[in-house]
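The structure appears below as structure tokens.
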Amino acid sequence: MQHRIVVLGAGYAGAVAAGRLAKRLHREDVTITLVNPEPDFVERVRLHQLATGQDLTPRPLREMFAGTGVELRLAEVTAVDVDRKAVTLTAVHRPGREDLGHTDQEHIDLEHADLEYDTLVYALGSGWNDGGVPGVAEHAHELAGRPGALRLRDRLTTLDAGRPVVVVGGGLTGVEAATEIAEARPDLEVALVVRGALGDWLSDKGRAHLRKVVDGLGITVHEHTTVTAVEADRVTTADGTAVPAEVTVWTTGFAVHPIAGATALELTTGGRIAVDETMRSVSHPDVYAIGDAALAMGPGGKPLRMSCASGVPMAWQAADAVAARLTGAKLPHVSIRYYQQCVSLGRREGLIQFVTADDQAVNRALTGRLAARYKELICKGAAWGVANPTVGMPTRRRRVVRQGTESRARARAAA
Ligand SMILES: Cc1cc2nc3c(=O)[nH]c(=O)nc-3n(C[C@H](O)[C@H](O)[C@H](O)COP(=O)(O)OP(=O)(O)OC[C@H]3O[C@@H](n4cnc5c(N)ncnc54)[C@H](O)[C@@H]3O)c2cc1C
């Protein structure tokens with residue numbers, strides 16, 4: 001009997017985990033099924049580029065996983081039953097997907113199907129978080145996912161010169177979105193609403209550079225401001241001020257999909273799956289969770305933030321732990337720490353803020369064109385790393401331990 005591994009979500013975390021598992025385990029011993037609704041790997045870190053009219057390099061998952069032994073299922077996961085050890089898949093029908101050059105035949109032929117697993121790797125990522133603010137869901141745009149970024153792109157192209165665009169949220173995504181829009185469309189009136197001070201988590205040098213670029217692009221910054229309502233043509237702030245907004249882009253953080261919340265899995269506040277240091281669910285040992293969907297602790301016992309910078313090493317750790325437990329090898333430990341925050345400020349400017357292991361800014365930052373090039377390399381490297389998930393690591397495949405020798409192997413693995 002082959003051990004059935006099912007990986008949900010082919011984003012940065014899921015795709016890396018599936019590819020790495022395939023390199024770690026013998027094909028005769030396991031099946032690895034990767035479920036994703038889109039036929040392409042979506043470079044989420046570039047969605048602000050997509051929203052401003054840039055075309056992203058197509059990265060078909062079939063090509064990325066050709067010859068690896070990973071079986072791709074194009075479907076949406078609609079339920080996970082961790083007691084029955086099965087996931088429910090639903091066919092994806094998306095009219096207007098011709099832009100991707102794919103056909104519906106590539107999607108699962110059944111409307112609904114159940115997929116059973118022995119080990120589940122949950123990597124469904126996150127979506128946008130409307131924060132429950134009135135009018136956001138109806139009127140605001142988002143770029144947490146490809147469909148949202150494409151809608152924003154369409155909307156921006158219909159805007160005449162001089163029209164106001166408001167980006168709400170002064171974190172990395174908001175700053176990247178506002179600068180990208182202002183650079184691509186200098187004819188628009190772009191504003192950024194920030195709850196604190198602009199770049200208040202950065203070093204002095206980083207903050208000063210961010211301010212310089214934002215000013216240079218003509219972006220109006222509303223600091224210490226909270227948006228309390230969004231309408232079709234404005235946002236309203238806590239003190240009752242109306243800021244004109246023909247387009248509002250909402251980037252105040254990410255929220256996880258409700259699927260995990262409907263399972264018996266133990267969750268943390270915010271709905272992320274609680275995992276141990278090997279990325280294994282603390283409540284269900286057959287389930288691993290990685291990327292934005294999981295909450296793992298990093299250096300100093302602080303929760304890792306939702307990012308590729310966390311999700312990729314989480315995927316390495318989960319894949320190596322699954323492989324070790326199945327083969328009776330020693331449990332590996334992947335060190336997960338931060339080195340830098342890489343921020344694009346349009347295509348010509350960037351900011352690399354160096355940080356401590358637990359993500360606090362240090363007094364060292366790279367700025368300007370060099371930083372923009374560095375950031376570009378990081379994005380390319382992240383996509384390359386998905387296709388090359390064992391780079392720099394030994395790729396020796398191990399045999400899954402058969403029954404009888406399993407308890408001995410387990411004892412070794414636990415050691
Ligand atoms: C505009 C933008 C810029 C960013 N910039 C950076 C950055 O510079 N650096 C950084 O570290 N992070 C950045 N991030 C955050 C980063 O993109 C995420 O943290 C990262 O993508 C998380 O990886 P993941 O694999 O957990 O989730 P994702 O990459 O979102 O992948 C989740 C996958 O699951 C699939 N999925 C979702 N629901 C279902 C379902 N029901 N059934 C089947 N499949 C499903 C999705 O289609 C997707 O393929 C940025 C995010 C955005 C939106």
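Since we're looking at a predicted model, the values are computed, not measured. Heavy atoms only: backbone and side chains are in, while hydrogens, waters and symmetry mates are out. Counting starts at 1 for both ligands and their atoms, in listed order.
- Numbered from 1 in the order shown, with element, the atoms of ligand 1 that lie under 4.0 Å from a heavy atom of K375 read 7 (C), 8 (O).
- Every atom of ligand 1 is numbered from 1 in the order shown, and the set under 4.0 Å from a heavy atom of E176 is 3 (C), 5 (N).
- Remark: the backbone N or O of E223 is paired with a side-chain donor or acceptor of T225 at under 3.5 angstrom.
- Some N or O of N36 is nearer than 3.5 Å to an N or O of ligand 1, by distance alone.
- Backbone and side-chain nitrogen or oxygen atoms of D292 are examined, and one is located within less than 3.5 angstrom of a nitrogen or oxygen of ligand 1.
- A 6.0 Å sphere centred on CZ of R305 holds more than 12 heavy atoms belonging to other residues, nucleotides or ligands.
- Taking atom 33 (C) of ligand 1 as the reference point, the nearest protein heavy-atom neighbour is G11 N, 3.5 Å.
- Using a 4.0 Å cut-off between heavy atoms, A123 contacts ligand 1 through its backbone alone, with no side-chain atom that close.
- Among protein heavy atoms, atom 44 (N) of ligand 1 sits closest to P37 CD, 2.9 Å.
- In the vicinity of I259, heavy-atom distances shorter than 4.0 Å reach the ligand 1 atoms 41 (N).
- Ion pairing of R59 with D40 is absent here, as no side-chain N (NZ or NE/NH1/NH2) approaches a carboxylate O to less than 4.0 Å.
- Side-chain contact between T251 and V249 is present, with heavy atoms from C-beta onward closer than 4.5 Å.
- Interface atoms of ligand 1 facing A13, defined by a heavy-atom separation under 4.0 Å, are 25 (O).
- In this view, D160 satisfies the salt bridge (charged side-chain N to carboxylate O under 4.0 Å, His left out) rule with no residue, not counting sequence neighbours.
- Not a single heavy atom of A15 sits less than 4.0 Å from an atom of ligand 1.
- Applying the 4.0 Å criterion to heavy atoms of M306 picks out, from ligand 1, the atoms 19 (O).
- Heavy atoms only, all atoms of each residue included: A51 and L156 are closest at O-CD1, 3.5 Å.
- Of all protein heavy atoms, the one lying nearest to atom 39 (C) of ligand 1 is L124 CD2, 3.6 Å.
- F254 counts as a contact of ligand 1, since one of its heavy atoms falls under 4.0 Å from the ligand.
- Residue contacts with ligand 1 include G9, since one of its heavy atoms falls under 4.0 Å from the ligand.
- Of all atoms in ligand 1, numbered sequentially from 1 with element shown, those under 4.0 Å from a heavy atom of A75 are 43 (C).
- Scanning all heavy atoms of the two residues, the minimum distance from A22 to T68 falls at CB-O, 3.5 Å.
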